[in-house]
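From a predicted model like this one, the values you see are computed outputs, not experimental measurements. Just so you know, these numbers use all the heavy atoms, side chains as well, and skip hydrogens, waters and symmetry mates.
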Amino acid sequence: MVEHNFHQQSHSFVKLVIFLCLLFLSANISVEARIHHYEWEVKYEYKSPDCFKKLSISINGKTPGPTIVAQQGDTIVVEVKNSLLTENLAIHWHGIRQIGTPWADGTEGVTQCPIVPGDTFVYKFVVDRAGTYLYHAHYGMQRQAGLQGMIRVSLPDGVLEPFSYDHDKSILLTDWYHKSTYEQATGLASLAFSWVGEPQSILIHGRGRFNCSIPSIDPTLCNATNPQCTPYSMTVVSGKTYRLRIGSLTALSALSFEIEGHNMTVVEADGHYVEPFVVQNLFIYSGETYSVLIKADQDPSRNYWASTKVVSRNSTTPNGLGIFNYYPNHPRRYPPTIPPSGPRWDDVAPRMAQSVAIKSHKDFIHAPPLTSDRVIVMLNTQNMVNGYVRWSVNNVSFNMPHTPYLIALKHNLLHAFDQTPPPDNYDQKNYDIFNIAPNVNATTSNSIYRLKFNTTVDIILQNANTKNPNNSETHPWHLHGHDFWVMGYGNGKFNQSIDPKNYNFVNPIMKNTIPVHPYGWTALRFRADNPGVWAFHCHIESHFFMGMGVVFEEGIEKVGKLPTSIMGCGESKRFHRP
């Protein structure tokens, strides 16, 4: 009997050990599964996304690049090999705050030296919040050559979203030029200034259609039957509800997106839940992401147009078209109707109305601090500097230094950039935002804003007239390393004693990218609580290239030891360990 009990206990003990081993293994497997490893080769390839053949930057042969799919809290590791042969490279993870990893932000000149041709660089970071995000080149004007893609982060298992749907899909909207970024950058940086002009096409997830029959077009370069420019088609099943994640990485264009005959319910913006509201067309600016819910509730015997139109510019670019395909219709079957023409390009009121309508979901409100410690008013203007056309903030046009700020500050190389702080304001009393400035001359600088750690900062983006009469452009501004509260919008000149009284303290949305509308202002508030050095700039590629940006430093003393892989340029050459 004693022997029998001993054997029973031994058997139970063995089972317990096996169970614990399996538990340990499964725990390790789940941890391992939460590290997503990518190997990317970035190189130029000839592509015809709008039927016109040109050099495009691809990731593993594709543009847009692969969508990164992960779960909140996962670690992303991307090994990037630069096979561009003659160009440097850096990739920014747009909307990922890089908490604890400021060196992985991917902003050349700010957080790292560029990846030189032939080198491999490893980005490693945590996706700390569910939502829809982006990635793209952040060196020169490479983004508009095709180096871009999307990041989709889901909630932890068992956590529910405040809306339901049957299927989850993503599309990236871009504009497309036939000229190379070299030609464009040279024109912008020349005394004989040459503007980039309007894009030739609008692409819906890398597909568009240029008119190859224009007499001046070389027929060997433009082929309307090329399968690469077959319209993008999104297949749906009647009666089902779809979450469509929409991102914009246009180089220039503000867009209006719509699906013929279908309403869209906006539920997410830049990774934050929105109090749902319904739109027929969604205005989206470069650097923004949205999730909309679409119910396939129309006549299923036909397909419908998805249409994207340029707004805020009197553009010659034709609308980008795709197909909203009801199964079992053929996905390339054209709808029987004329595509929607879209809203008027110069009607600002509905664009402002959408901006104001975006509020935090009632169950997901992050209350903003009631007061701020510092207010920085940023006048957005077009200027001249020594005969060159530039964009400026408070009459200072931004230049990138040779030694990245993160390295210069952490290693106390303060002589590597201008130590004169940029201005916190402009001559609000006397500056006329509605007319061309009497003196359009500005200065250049690579100085930065030093923010006291853990303080609350207000940014007022103030728009104004350009160097052209009766012209004020829409500027989408993107903040690296943070989300900010959108405190308010307004028309005309911001009044510092009156307008803050109307700020939204009840349910302001948090975002990382926001437009400032023509002749208007936008007020943001954020906490300087992420140690590092962070860019804040207009997301129009040519505008940032021409100086429309600033840099914030906060808590640099709290940043850990910098990896030597980010070094090797400017005065950081001596720290580099290949």
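Between the Gln71 side chain and the Leu155 main chain, a donor and an acceptor come within less than 3.5 Å of each other. For the pair Asn60 (side chain) and Glu39 (backbone), a donor-acceptor distance under 3.5 Å is present. Counting only distance, with no hydrogens or angles, the side chain of Ser472 and the backbone of Ala464 share a donor-acceptor pair below 3.5 Å. At least one donor-acceptor pair under 3.5 Å links the side chain of Ser315 to the backbone N or O of Thr317. Side-chain N or O atoms of Tyr426 include none that pairs as donor or acceptor with a backbone N or O of Pro423 at under 3.5 Å. In this structure, Asn463 contributes its side chain and Gly520 its backbone to no donor-acceptor pair below 3.5 Å. Between the side chain of Tyr135 and the backbone N or O of Met150 there is no donor-acceptor pair closer than 3.5 Å. Between the Ser360 side chain and the Pro508 main chain, a donor and an acceptor come within less than 3.5 Å of each other. Ser253 places no side-chain N or O within donor-acceptor distance of the main-chain N or O of Thr250, the cut-off being under 3.5 Å. Within the 3.5 Å criterion, the main-chain N or O of Gly271 finds a donor-acceptor partner in the side chain of Glu268.
Looking only at side-chain heavy atoms (C-beta outward), Pro343 and Pro350 stay at 4.5 Å or farther from each other. Side-chain atoms of Leu244 and Ile259, non-hydrogen and from C-beta on, do get closer than 4.5 Å to each other. By the 4.5 Å heavy-atom criterion applied to side chains, Ile35 and Val77 are counted as neighbours. Annotation: side chain of Phe552 is not in contact with side chain of His480 (no heavy-atom distance under 4.5 Å). Contact check for Leu89 versus Val42: side-chain heavy atoms found under the 4.5 Å cut-off. Contact check for Leu203 versus Pro49: side-chain heavy atoms found under the 4.5 Å cut-off. Looking at heavy atoms from C-beta onward, Gln462 lies in side-chain contact with Ile433 at the 4.5 angstrom threshold. Here the side chains of Leu147 and Thr63 are not in contact, with every heavy-atom distance at 4.5 Å or above.
Note on Asp346 versus Arg344: salt bridge recorded, some NZ/NE/NH1/NH2 to OD/OE distance being below 4.0 Å. Electrostatic pairing of Asp458 and Arg374 does not count as a salt bridge here, judged by no charged N lying under 4.0 Å from a carboxylate O. A salt bridge links Arg450 with Glu553: at least one charged nitrogen is closer than 4.0 Å to a carboxylate oxygen. Between Glu161 and Arg243 there is a salt bridge, with a side-chain nitrogen of the basic residue lying less than 4.0 Å from a carboxylate oxygen of the acidic one.
Between Tyr232 and His205, the ring planes lie tilted relative to each other; the angle falls in the 30° to 60° range. Between His138 and Phe544, the ring-plane angle classifies as perpendicular under the 30° and 60° cut-offs.
The side chain to side chain contact (heavy atoms under 4.5 Å, CB included) with Val551 is formed by just one residue from the set Trp534, Phe398, Tyr449, Phe536; it is Phe398. Of the options Glu108, Gln148, His478, Gln98, a side chain to side chain donor-acceptor pair (under 3.5 Å) to His92 is made by His478 and by none of the others. Test Thr513, Thr522, Asn380 against Trp477 for side chain to side chain donor-acceptor pair (under 3.5 Å) and you get one pass: Asn380. Applying side chain to side chain contact (heavy atoms under 4.5 Å, CB included) to Pro368 and the options Phe505, Tyr503, Phe484, Phe526 leaves one that passes, Phe505. Between Tyr273 and the options Met510, His361, Lys362, a side chain to side chain contact (heavy atoms under 4.5 Å, CB included) holds for only His361.
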Next on the checklist: Working note: Ile284 + Leu173, criterion side-chain contact (heavy atoms from CB on, under 4.5 Å); need CA distance, chi angles, decisive distance, verdict.
Outcome noted: CA-CA 9 Å; Ile284 184 167; Leu173 306 177; 4.1 Å; yes

Checklist entry - Checking salt bridge (Lys or Arg N to Asp or Glu O under 4.0 Å) for the pair Lys511/Glu288: CA distance, chi angles, key distance, verdict? => result CA-CA 8 Å; Lys511 290 183 101 273; Glu288 287 192 314; 2.9 Å; yes

Item to check | From CA spacing to verdict: salt bridge (Lys or Arg N to Asp or Glu O under 4.0 Å), Glu275, Lys359 | outcome: CA-CA 6 Å; Glu275 188 62 28; Lys359 313 287 190 193; over 6 Å; no

Item to check | His37/Glu79 under side-chain hydrogen bond (donor to acceptor under 3.5 Å, both in side chains): CA gap, chis, key distance, verdict | outcome: CA-CA 8 Å; His37 194 277; Glu79 282 187 45; 3.1 Å; yes

Item to check | Candidate pair Lys124 and Thr101, rule side-chain contact (heavy atoms from CB on, under 4.5 Å), full reasoning | outcome: CA-CA 8 Å; Lys124 184 177 181 181; Thr101 53; over 6 Å; no

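You'll find the ring centres of His475 and His537 outside the 6.0 Å limit. Ring-centre distance between His262 and Tyr304: below the 6.0 Å cut-off. Taking the six-membered ring for Trp and the full ring otherwise, Trp93 and Phe125 have centroids separated by under 6.0 Å.
Of all heavy-atom pairs between Trp521 and Ile460, the closest is CB-CG2, 4.5 Å. Considering all non-hydrogen atoms of both residues, Val78 and Ile68 come closest at CG2-CD1, 4.4 Å.
At a cut-off of 3.5 Å, with distance as the only test, a side-chain donor of Asn281 or Ser256 sits close to an acceptor on the other residue. No side-chain N or O of Thr67 forms a donor-acceptor pair with one of Arg152 less than 3.5 Å apart. Side-chain atoms of Gln428 and Asn425 include a donor-acceptor pair closer than 3.5 Å. A side-chain donor from one of Asn325 and Asn303 sits under 3.5 Å from a side-chain acceptor of the other. A donor-acceptor pair shorter than 3.5 Å can be found between the side chains of Gln112 and Tyr123. Between the side chains of His482 and Glu554, at least one donor N or O sits under 3.5 Å from an acceptor N or O. Counted by atom type alone, Thr132 and Arg245 present one or more donor-acceptor pairs between their side chains at under 3.5 Å.
One distance of note links OG of Ser372 with CG of Leu524; it measures 11.5 Å at 0.5 Å rounding.
Atom NZ of Lys169 has more than 12 neighbouring heavy atoms from other residues, nucleotides or ligands inside a 6.0 Å radius. Residue Gln280 places its CD atom among 12 or fewer non-hydrogen atoms of other residues, nucleotides or ligands, all under 6.0 Å distant.
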